[in-house]
**Q** 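Below: one structure in structure tokens.
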Amino acid sequence: MYPFKEIEQKWQKYWEENKTFKAIDFSEKPKYYVLDMFPYPSGAGLHVGHPEGYIASDIMARYKRKQGFNVLHPMGWDAFGLPAENYALQTGTHPKITTEKNIATFRRQIKSFGFSYDWEREINTTDPKYYKWTQWIFQQLYKMGLAYQAEVAVNWCPALKTVLANEEVIDGKSERGGHPVIRMPMRQWMLKITAYADRLLKDLDLVDFPDSIKEMQRNWIGRSEGADVDFTIFDSDYTLKVFTTRPDTLFGATYMVVAPEHPILKTLIPSEYKEAVQAYQMVSASKSELDRTELAKEKTGVFTGIYAINPVNGHKIPIWTSDYVLMSYGTGAIMAVPGHDQRDWEFARKFGLEIIEVISGGDITKEAYVGDGVLVNSQFLDGLHVADSQRKIIDWLTEKGIGQSKVQYKLRDWVFSRQRYWGEPFPLYFDDNNNIHLIDESKLPLVLPPLEKYEPSGTGESPLANLPEWIDFIDPETGKHCRYETNTMPQWAGSCWYYLRYLDPDNDKAFCDKQKENYWMPVDLYIGGAEHAVLHLLYARFWHKVLYDLGFVATTEPFMKLINQGMILGEDGEKMSKSRGNVINPDEVIGNFGADTFRIYEMFMGPLTRVKPWSTSSIDGVFRFLNRVWNIFVTDEGKTSPDIQDVTPDSSTLSLLHKTIFKVTDDIENLRFNTAISQMMIFVNEIIKLPVKPRSVMQTFVHLLNPFAPHLTEQIWNLLGNSQSLAYIDWPTYDPDLIIDELVTLAVQINGKVRGTFEIARDSTDQDCIENAMQLENVKRYIENLTIVKTVVIKNKIVSIVVK
RNA sequence: GCCGCGGUGGCGGAAUUGGCAGACGCGCUGGACUUAGGAUCCAGUCCUGAAUAGGGGUGCGAGUUCAAAUCUCGCCCGCGGCACCA
């Protein structure tokens, strides 16, 4: 067993003392920015899923350095968030203390892997020197008109007297205690991400993200084209605007539906309908999002007593209210076309509303017909197909001034405040008239004050509301009473721009020096979990575009290439969890096998992006591999093996080496670490058979293994008499002539079945190949007394003979 | 329901401009060395078969082709995301 513990400590100390991985701002070399999604330092410590992405990025970082790139590879902590605050609630420990402790654990664990981070660039989102700039960016958003306040429904738990995050609500009950949770409107800060919807969608074409992530983002943004149409209310001046993707079906609109929250229900309801409508509104309000969607298979609703006029045919149509129409999408009202929309069809069926066919081709007595067809019962649209009639009706509506084409997004503005303590304070204050004043830039950061108690305020406000001595103050300039915002920013805030802070972590004049930003950005490779596929990535892309519009950054997109590592499951194939008892502790694995074995094992498990189960016995195989490598180079006494000699390698050894250089290089470039490792195993299996191992070949191999097993290879490199670290010594190149075999093995197929193989010189003529094939005894057996119909030769691969 | 990804030995996985399926690793079997081995080394290991003969075989069923894990069509199953978005 090789002395991994000693070696790993030695080299980690060496790298740290020599600042081996310090990234230099500005250089003649091309830059390469490889970024990990920084972790939330939880109390549980690192689990084996974390390092998977970090190992991959570290291999890239080390490989690129050896390729002559100036590499930026940083790490930091996304440390605001709920768990620390909940822990404070239970124990009274300040979140800052908990956070510091957790970071220390994470840092120690991460360092034990020997990652080549530039630790001088370490950042922490909870550090006032960091969140000063989170606050500053918020102020820029505010000045751009992208931050505003609104009343938004939140998860209010009357029993706990607090607002809960979505993940704290399970089936309409609080996660802690199981108390009922209702939707209650509360003042919130909002960010107008919808203003960037189109660009967030379009610029996905500029980046190299997995298709699934792009698709999820596209769905999330949810662009749809259609038209706005105004309906007048019968006997009223009021118009009811709807959005529809199917203006062509306007003649089939036989009723309308508004969301239970729609303002029209406050004013226009005839008195005899008020009671029923209000009762329905109450029921809807108490339903969670879940109830309103998944569980509500059966449509519900009530008639409001109001009628609208269908603008195309003047028909008087009833307006209903139902929670299958959402206030948050479109205008909160729809024209219902039961003949050609399945939801409307179900609703109409249930309540006996009229169903008219306006597009032929289906059977609307059975279900709504949503396909293409010829328009019927639609006066001037009759005879047209769907696409044509859409154009025509939109022109008609536009001309009459009662509608126009419209692009609608599913994406909603971002609720950017939390009623919590452990987050960035908003850098602003209110005067007694509720006017908003931004804190002067020179006075930032607005520091989170210490708290005695973390109990919720009881009003739904953050625990900061319990601190009047902090909230209330007299503005020295105006002498007037003012108060700070008690809401804090969500956890996403700090992670929206952290990749920029790494470029210039100590700058107190700007969030990041512009020259440095110009040099390092964009991120060339971003590795992290797919759970951040939508929110974090969309939010960060949004902030980046705002900073771009303000001229603070030079690229429209922050991340050029994104890779999601697949989850690592427990040995039982289930998700790792304490309750299942299948959690693997990385400290233990490193203690038993060392960091190099851990690194290679996680990369050898399978493709980086795939979900794969942990297997403790498989680690043995990797550990054996590294031991074999060690034993090739080092004797039991710790000296260089006498088998390694300055001899000229024979051609097959040289060919093997160059094939290995080629394969490992190509695989790293494409993040196929599993097959790169496999090739190195093949190399070792072959080389170990040689009684004398050529020094030049073995030295080259050490380079190839270095990004994967940095400690072991540094030690061997050192023992071989090299005094410099391997980190910046050139990556080997292969000779294309040496990876081509002189002799190739061809298979012979007769009627599609392989009947033999033969060796022949590379690139032999088809004629030679066929002649050789015919010589084989087994081939002769199968073609005897039969006529050859056809022969196919694929160069250097196969000879295929068809007989009859 | 919709969108995306996937299904290959006992297990993790290789091989997709169509060209000898199962590389590499685990596990297992046998052997060597040993007081001992859960260390190390050697041999074997898709199924069937005495076989270095044949036959079968990449979720299922068709198709295209000299040739299909790979391409086409229709299903089944698993995972992830979204979920009344008008």
Side-chain angles (χ1 to χ4, degrees), chain A residues 1 210-220 222-224 226 242-246 249 253 256-257 259 289-290 292-294 296-297 299 322-326 328-337 340-344 346-347 408-412 530-531 533-534 564 566-567 569 571 573 600-601 604-607 609-622 624-625 627-628 631 672 674-685 688 745-757 778 781 789-803:
Chain A
M1 199 171 84
D211 288 341
S212 60
I213 299 288
K214 286 194 181 186
E215 206 47 40
M216 276 193 246
Q217 293 213 2
R218 286 193 188 107
N219 291 339
W220 193 264
R223 184 180 199 274
S224 58
V242 301
F243 171 73
T244 175
T245 54
R246 296 296 303 276
T249 61
M256 299 185 80
V257 187
E289 289 278 331
L290 203 76
R292 281 182 66 153
T293 57
E294 188 172 8
K297 296 218 169 69
K299 299 256 182 306
S322 169
D323 56 16
Y324 87 88
V325 172
L326 310 173
S328 50
Y329 183 78
T331 62
I334 62 157
M335 62 178 220
V337 185
H340 305 284
D341 181 289
Q342 190 57 28
R343 295 156 300 182
D344 298 343
E346 284 163 18
F347 191 82
Q408 189 62 241
Y409 297 93
K410 245 173 15 184
L411 183 70
R412 296 162 198 187
E531 65 274 19
V534 179
N564 297 121
M567 204 192 339
L569 306 174
E571 294 212 67
I600 295 185
Y601 171 62
F604 187 60
M605 289 170 80
T609 54
R610 276 244 266 279
V611 177
K612 29 198 186 280
W614 186 268
S615 163
T616 298
S617 60
S618 291
I619 301 174
D620 287 334
V622 171
R624 270 175 222 156
F625 166 64
N627 272 295
R628 274 204 295 276
N631 289 326
R672 291 187 301 245
N674 55 330
T675 48
I677 292 163
S678 159
Q679 181 61 36
M680 289 189 281
M681 287 174 169
I682 292 169
F683 175 86
V684 167
N685 290 347
I688 210 161
T745 305
L746 270 68
V748 184
Q749 279 187 354
I750 293 160
N751 288 354
K753 292 205 180 290
V754 177
R755 297 300 181 187
T757 61
N778 209 33
R781 269 180 53 198
V789 182
K790 184 177 181 181
T791 56
V792 181
V793 179
I794 304 296
K795 264 214 179 327
N796 305 322
K797 297 258 171 161
I798 208 161
V799 176
S800 185
I801 301 167
V802 188
V803 294

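Residue numbering restarts at 1 for every chain, and letters A, B, ... go by the order of the sequence lines.
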**Q** Applying a 3.5 angstrom cut-off to the pairing atoms, does RNA chain B sit in any stems of at least three consecutive Watson-Crick or G-U pairs? List them by first number.
**A** B:1-7 with B:76-82, B:10-12 with B:24-26, B:27-32 with B:40-45, B:46-48 with B:54-56, B:59-63 with B:71-75

**Q** Check every strand shown and say whether A:P210 touches a base, only sugar-phosphate, or nothing at a heavy-atom separation below 4.0 Å.
**A** nothing

**Q** Enumerate the protein-to-nucleotides 18-21 of chain B contacts in which both atoms are nitrogen or oxygen and the separation is below 3.5 Å.
**A**
| unit_1 | atom_1 | unit_2 | atom_2 | d |
| --- | --- | --- | --- | --- |
| B:G19 | N2 | A:Q749 | OE1 | 3.3 |

**Q** Closest approach of A:P613 and A:G573, non-hydrogen atoms and distance?
**A** CB-CA, 4.3 Å

**Q** Under the rule for side-chain contact (heavy atoms from CB on, under 4.5 Å), what residues qualify as partners of A:A530, not counting sequence neighbours?
**A** A:N564

**Q** Are A:T616 and A:Y601 linked by a side-chain donor-acceptor pair shorter than 3.5 Å?
**A** no

**Q** Between A:M335 and A:T249, which heavy-atom pair has the shortest distance, and what is it?
**A** CE-OG1, 3.7 Å

**Q** What does the list of N/O pairs under 3.5 Å between the protein and nucleotides 31-37 of chain B look like, with a distance for each?
**A**
none

**Q** Can you pull out every salt bridge (charged side-chain N to carboxylate O under 4.0 Å, His left out) where at least one residue sits in residues 793-803 of chain A? Sequence neighbours excluded, please.
**A** A:D766-A:K795

**Q** Is the A:Y324 ring parallel, tilted or perpendicular to the A:F347 ring (thresholds 30°, 60°)?
**A** tilted

**Q** Quick one: side-chain contact (heavy atoms from CB on, under 4.5 Å) partners of A:Q342, sequence neighbours excluded?
**A** A:W345, A:E346, A:E367, A:A368

**Q** Can you tell me if A:R628 and A:N631 form a side-chain donor-acceptor pair at under 3.5 Å?
**A** no

**Q** Work out how far the C1' atom of B:A69 is from that of B:G22, and round it to whole angstrom.
**A** 11 Å

**Q** Quick one: side-chain contact (heavy atoms from CB on, under 4.5 Å) partners of A:V803, sequence neighbours excluded?
**A** A:I750, A:N751, A:I783, A:L786, A:I788, A:I801

**Q** Within the 4.0 Å limit for protein heavy atoms, which parts of nucleotides 47-56 of chain B are touched? Write it as a string from 5' to 3', B for base, S for sugar-phosphate only, - for none.
**A** ------SSSS

**Q** Which residues pass the salt bridge (Lys or Arg N to Asp or Glu O under 4.0 Å) test with A:K410, not counting sequence neighbours?
**A** none

**Q** Could you classify B:G80 for me, syn or anti, using a glycosidic angle within 90° of 0 as syn?
**A** anti

**Q** Below 3.5 Å between N/O atoms, which protein atoms pair up with nucleotides 22-26 of chain B? Just atom names and distances, please.
**A**
| unit_1 | atom_1 | unit_2 | atom_2 | d |
| --- | --- | --- | --- | --- |
| B:A23 | N3 | A:S678 | OG | 3.4 |
| B:C24 | O4' | A:S678 | OG | 3.2 |
| B:G25 | OP1 | A:N685 | ND2 | 3.0 |
| B:C26 | OP1 | A:R624 | NH1 | 2.5 |
| B:C26 | O2' | A:S617 | OG | 2.8 |

**Q** Tell me which nucleotide among B:C66, B:C3, B:A14 gets nearest to the side chain of A:V802.
**A** B:C66

**Q** Tell me: OH of A:Y409 to P of B:A86, nearest whole Å?
**A** 13 Å

**Q** Take A:A333 and A:S212, find for each the nucleotide of RNA chain B with the closest heavy atom, and name the residue whose nucleotide sits nearer the 5' end.
**A** A:S212

**Q** Considering only the C1' atoms, how many Å lie between B:U16 and B:U58, rounded to the nearest integer?
**A** 12 Å

**Q** Give a yes/no answer on whether the side chain of A:K790 brings an N or O atom under 4.0 Å of OP1 or OP2 in B:C66.
**A** yes

**Q** To the nearest 0.5 Å, what is the distance between OG on A:S322 and CE on A:M256?
**A** 14.0 Å

**Q** With sequence neighbours left out, write down each residue that passes side-chain contact (heavy atoms from CB on, under 4.5 Å) with A:N674, or none if nothing qualifies.
**A** A:P607, A:R672

**Q** What do the steps show when you test A:Y329 against A:S224 for side-chain contact (heavy atoms from CB on, under 4.5 Å), and what is the final call?
**A** CA-CA 11 Å; A:Y329 183 78; A:S224 58; 3.1 Å; yes

**Q** For B:A23 versus B:G13, give the span between their C1' atoms, rounded off to a whole number of Å.
**A** 10 Å

**Q** Could you list the residues that satisfy side chain to side chain donor-acceptor pair (under 3.5 Å) with A:R610, not counting sequence neighbours?
**A** none

**Q** Just call it for A:K410: base, sugar-phosphate, or nothing, with non-hydrogen atoms closer than 4.0 Å on any strand.
**A** base

